[in-house]
Each structure stands twice: as structure tokens, then as C-alpha cells.
There are 2 protein chains.
Amino acid sequence: MMKAAMESTGSELAEGLARSGLRPTSQRSAVYDVLASSHDHPSAEEVFLRSRKVLRTISLATVYNCLETLVDCGLVRAVHRDRLPTRYCANRSEHAHFHAESGEVTDVPLSPEAVKYITALLPEGFAADSFELSYRGHAPRKTGSNI
Amino acid sequence: MMKAAMESTGSELAEGLARSGLRPTSQRSAVYDVLASSHDHPSAEEVFLRSRKVLRTISLATVYNCLETLVDCGLVRAVHRDRLPTRYCANRSEHAHFHAESGEVTDVPLSPEAVKYITALLPEGFAADSFELSYRGHAPRKTGSNI
DNA sequence: CTAGGTGCAAAAGGTTTGCGGTTAA
DNA sequence: TTAACCGCAAACCTTTTGCACCTAG
């Protein structure tokens with residue numbers, strides 16, 4: 001196999017972008033790859049630093065632009081916490097976020113039933129396009145998990 | 001009865017502040033009163049404009065300081081949505097927020113069972129101090145409700 | 001060719017902070 | 001008296017934007 005195969009297959013990215021009539025540029029690809037291979041919900045700044053290892057000339061503004069594009073295409077999720085820098089994740093499955101006091105952010109998977117339950121909490125007449133659920137608290141003792 | 005009675009009784013505010021060893025100044029009182037009598041989740045700027053009707057000399061920075069103080073004391077909740085200006089509410093009962101596309105924010109009450117259910121979604125080992133749930137979507141046709 | 005993208009630098013905009021002066025216990 | 005608090009203005013910091021150049025279809 002080619003080394004290039006280490007990057008995302010590109011199909012998911014290319015297809016997602018194409019759906020909006022956008023091109024999979026090397027910058028978008030680099031940004032997406034960083035997120036797809038990260039489990040720590042990096043900030044734009046952090047994505048910038050990591051993507052620069054691959055694309056040495058990419059600028060922070062371009063990273064912001066790419067992130068916005070990817071979010072708009074539904075390929076990436078923006079994770080907000082108070083006024084702290086926005087963080088990003090490429091986990092597109094339904095999930096909530098647990099914000100530990102340390103700043104660490106962990107995905108909390110949501111079952112289809114949970115999603116249904118939460119959506120059903122809305123009063124008559126309200127129709128949710130989406131919801132965001134985030135917890136704040138103490139994370140369990142650090143596991144020896146990867147990344 | 002004195003006209004002053006129109007302001008919040010002050011007891012809730014004074015007690016909440018006292019718990020943190022803080023004084024119920026006229027500025028904090030004005031800010032709190034604005035929120036306690038608003039159901040539309042005003043931004044700091046908006047709180048500033050409204051509180052200035054009562055305290056003509058209050059400054060925006062002081063409003064920000066007061067809001068932060070009140071949030072820290074648990075008397076007021078900060079409501080975030082993406083990177084838009086933070087909004088505030090004095091509704092201390094357990095509730096979620098519905099963000100309509102219009103920018104309108106509506107409280108969504110949460111029953112004790114709902115709170116329990118949502119808290120129970122966390123994986124083993126995680127302990128949540130609190131959670132925040134927000135919906136995005138279309139609000140029902142405007143009711144003739146009061147502010 | 002030419003519409004869409006990138007990179008840079010500068011602007012924007014909400015929020016915070018430093019500081020001198022004021023106020024309440 | 002004195003520690004807490006306010007108002008002002010300037011600083012901060014993340015994010016956005018304008019613009020000239022570049023590049024893929």
C-alpha cells in the first residue's frame with residue numbers, strides 16, 4: 001500500500017464537500033485529517049499547529065476558514081464551552097461532551113433511544129433541528145487510553 | 001407599601017451574595033432585578049441598557065462584573081450559543097434552552113426524571129456537577145405571551 | 001480563462017482588566 | 001479606617017474580513 005493511504009481515504013471528505021459544491025483542497029484535507037485522527041477535540045490554534053506539520057505553509061486564517069467550511073458541510077462538529085476557544089471534532093455519530101475541570105473533553109455516546117428521549121422533552125410546537133448536550137464535572141482517573 | 005417594594009425583595013439576592021461574603025450593591029441589585037423581570041434572556045449589552053434606566057450611571061464593565069458575580073454565586077445562569085454574545089437568565093430551576101433561528105431563546109423546563117435520565121447517560125466513572133442542554137430549531141408560531 | 005481558494009495582515013467585537021476614586025461596614 | 005466596589009478606558013484574544021495572488025477545472 002502507498003504511504004498516502006495513511007491520510008483519510010478522502011472519499012468521505014470529498015463527498016461531503018462535493019455535496020456543497022466545494023473542492024477538497026489540500027488545506028481542507030489536512031485540517032480534516034488532523035481532526036479525524038484526534039480524539040482530544042483540539043482548538044483552531046491546535047489544529048493549526050498540527051496541520052502545519054503536514055502543510056507547512058497553511059495559515060491560521062485558512063484553518064479557521066477550513067473549519068467553518070467543514071462544519072457547514074456537516075463533516076465536523078464545533079464544540080463550545082463558555083467563552084473558551086471553540087474546539088472541534090470529526091466524530092459525526094450522535095454524542096454529548098463531558099468537559100472535565102482539567103479542560104479535557106470526552107465524547108459521551110448517545111443511543112438512539114437517548115436522542116429520542118431528549119428530543120421528546122420539548123414542549124408541544126417546538127421542533128428541534130439538533131441539540132447539544134454537555135456535562136461539566138470530574139472525569140474518572142485517567143485511563144491509559146491512546147491520544 | 002413603599003415604591004421600593006417594586007424591586008426584588010432582595011432577600012434572595014442578598015442571601016445569595018452573603019453566602020459568598022459579598023455585598024448587595026445597588027448595581028448588583030439593578031442587574032439582578034433586570035434579569036428577574038425578564039424572560040427573554042438578554043445579553044450583557046441589553047442588561048446594561050435596561051439597568052441604566054434605573055441606575056443611570058452604571059457602566060457596561062460594571063454590568064459585566066455584576067453578571068459574573070451573580071453567575072459565580074449561582075443566582076444567575078449564563079447561556080451560551082456558539083460565539084454569539086452570552087445571554088443571561090435568572091431562572092434557577094432546572095431547564096434547557098431552545099434557540100430559535102430568530103435568535104429568540106426559550107426556557108424548556110426539565111422534570112426531575114428528565115434530569116435523572118440525562119445524568120444517567122454518562123459512562124461509568126464520570127460524575128457531572130451540572131449539564132447544559134440546548135436545542136436549535138424552529139419555535140412555534142409566536143404566542144401572544146408576555147415578555 | 002475564471003471562479004473559487006489561500007495567505008497575510010488588519011479589523012472586529014465581546015469581554016476583561018488596571019487604576020484612581022468612591023462607598024459602605 | 002479600610003476593604004470592597006465602581007466607572008472609565010485601554011487591553012485582550014478569538015475569530016472574521018478585505019484584498020492580491022494563485023490554482024484547479
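All values derive from a computational prediction rather than experimental measurement. All chains are named by letter (A, B, ...) in the order of the sequence lines, taking the proteins before the strands, and each is independently numbered beginning at 1. The analysis underlying the following values was restricted to heavy atoms, covering all of them including side chains, and did not include hydrogens, waters or symmetry mates.
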Visitor: Output the single nucleotide from C:dA24, C:dT6, C:dA9 whose closest atom is nearest the side chain of B:R23.
Guide: C:dA24

Visitor: Taking atom C1' of C:dG14 as reference, at what distance in whole Å does atom CG of B:D82 sit?
Guide: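 Going from CG in B:D82 over to C1' in C:dG14 covers 15 Å.
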
Visitor: Going by ring pair (Phe, Tyr, Trp, His ring centres under 6.0 Å), name the residues that satisfy it together with A:H99, two or more places apart in sequence or in a different chain.
Guide: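 Scan of A:H99 (ring pair (Phe, Tyr, Trp, His ring centres under 6.0 Å), adjacent residues dropped) gives none.
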
Visitor: For the backbone of B:A90 and the side chain of B:Y32, can you confirm whether one donor and one acceptor N or O come within less than 3.5 Å of each other?
Guide: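 Absent.
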
Visitor: Output the rounded distance in Å from CG (B:L60) to P (C:dG13).
Guide: 15 Å

Visitor: Which residues pass the side chain to side chain contact (heavy atoms under 4.5 Å, CB included) test with B:E101, not counting sequence neighbours?
Guide: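 With neighbours one apart ignored, the set is A:D129, B:H138.
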
Visitor: Check side chain to side chain donor-acceptor pair (under 3.5 Å) between A:S93 and all other residues, then give those that pass, not counting sequence neighbours.
Guide: A:N91

Visitor: Describe, as an angle rounded to 10 degrees, how the axis at the first end of the helix from C:dC1-D:dG25 to C:dA25-D:dT1 is tilted relative to the axis at the last end, five pairs per end.
Guide: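 The angle, to the nearest 10 degrees, is 30°.
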
Visitor: Between side-chain atoms of residues 67-81 of chain A and protein atoms elsewhere (two or more places apart, or another chain), which donor-acceptor pairs fall under 3.5 Å?
Guide:
from  : atom 1 : to     : atom 2 : distance (Å)
A:T69 : OG1    : A:N65  : O      : 2.9
A:R77 : NH1    : A:H95  : O      : 3.0
A:R77 : NH1    : A:H95  : ND1    : 3.4
A:R77 : NH2    : A:H95  : O      : 3.4
A:H80 : ND1    : A:T86  : OG1    : 3.4
A:H80 : NE2    : B:D82  : OD1    : 3.4
A:R81 : NH1    : A:A100 : O      : 3.4

Visitor: Which hydrophobic side chains are connected to B:V105, either touching it within the sub-4.5 Å cutoff or through other members that do?
Guide: none

Visitor: Which sits closer to the 5' end of DNA chain C, B:A44 or A:S59, going by the nucleotide each is nearest to?
Guide: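 Looking at DNA chain C, the more 5' nearest nucleotide goes with A:S59.
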
Visitor: For residues 84-97 of chain B, which residue pairs qualify under salt bridge (Lys or Arg N to Asp or Glu O under 4.0 Å), counting only residues two or more places apart or in two chains?
Guide: B:E12-B:R92

Visitor: Counting the atoms with a prime plus P, OP1 and OP2 as sugar-phosphate, which does B:S43 contact under 4.0 Å by heavy atoms, base, sugar-phosphate, or nothing?
Guide: nothing

Visitor: What pairs meet the side-chain hydrogen bond (donor to acceptor under 3.5 Å, both in side chains) rule with one or both residues in residues 54-64 of chain A, with sequence neighbours excluded?
Guide: A:S59-A:T62

Visitor: In chain order, what residues pass the side chain to side chain donor-acceptor pair (under 3.5 Å) check against A:E132, with sequence neighbours excluded?
Guide: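 By the side chain to side chain donor-acceptor pair (under 3.5 Å) rule, A:E132 matches no residue at all.
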
Visitor: Go through DNA chain D in 5' to 3' direction and return only the first and the last nucleotide with some atom under 4.0 Å of chain B's heavy atoms.
Guide: D:dA4 to D:dT15

Visitor: What is the distance from CD of A:Q27 to P of C:dG4, rounded to the nearest Å?
Guide: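 Going from A:Q27 (CD) to C:dG4 (P), I get 17 Å.
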
Visitor: Looking only at side-chain N and O atoms, does A:T57 come under 4.0 Å of OP1 or OP2 in C:dG7?
Guide: yes

Visitor: To the nearest angstrom, how far is B:L22 atom CG from C:dA24 atom C1'?
Guide: 14 Å

Visitor: Report the distance from atom NE2 of A:H80 to atom C1' of C:dG14, rounded to the nearest whole Å.
Guide: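 Roughly 15 Å, once rounded to whole Å.
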
Visitor: Would you say A:S43's side chain and A:E46's backbone share a donor-acceptor pair under 3.5 angstrom?
Guide: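 At least one qualifying donor-acceptor pair exists.
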
Visitor: Going by heavy atoms closer than 4.0 Å, what residues in residues 62-79 of chain A are next to DNA chain C?
Guide: A:T62

Visitor: Please enumerate all residues that pass ring pair (Phe, Tyr, Trp, His ring centres under 6.0 Å) together with A:F98, with sequence neighbours excluded.
Guide: B:F126

Visitor: Pick the closest DNA chain D nucleotide for B:R83 and for B:L55 by heavy atoms, then say which residue is nearer the 5' end.
Guide: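 On the 5' side of the pair lies B:L55.
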
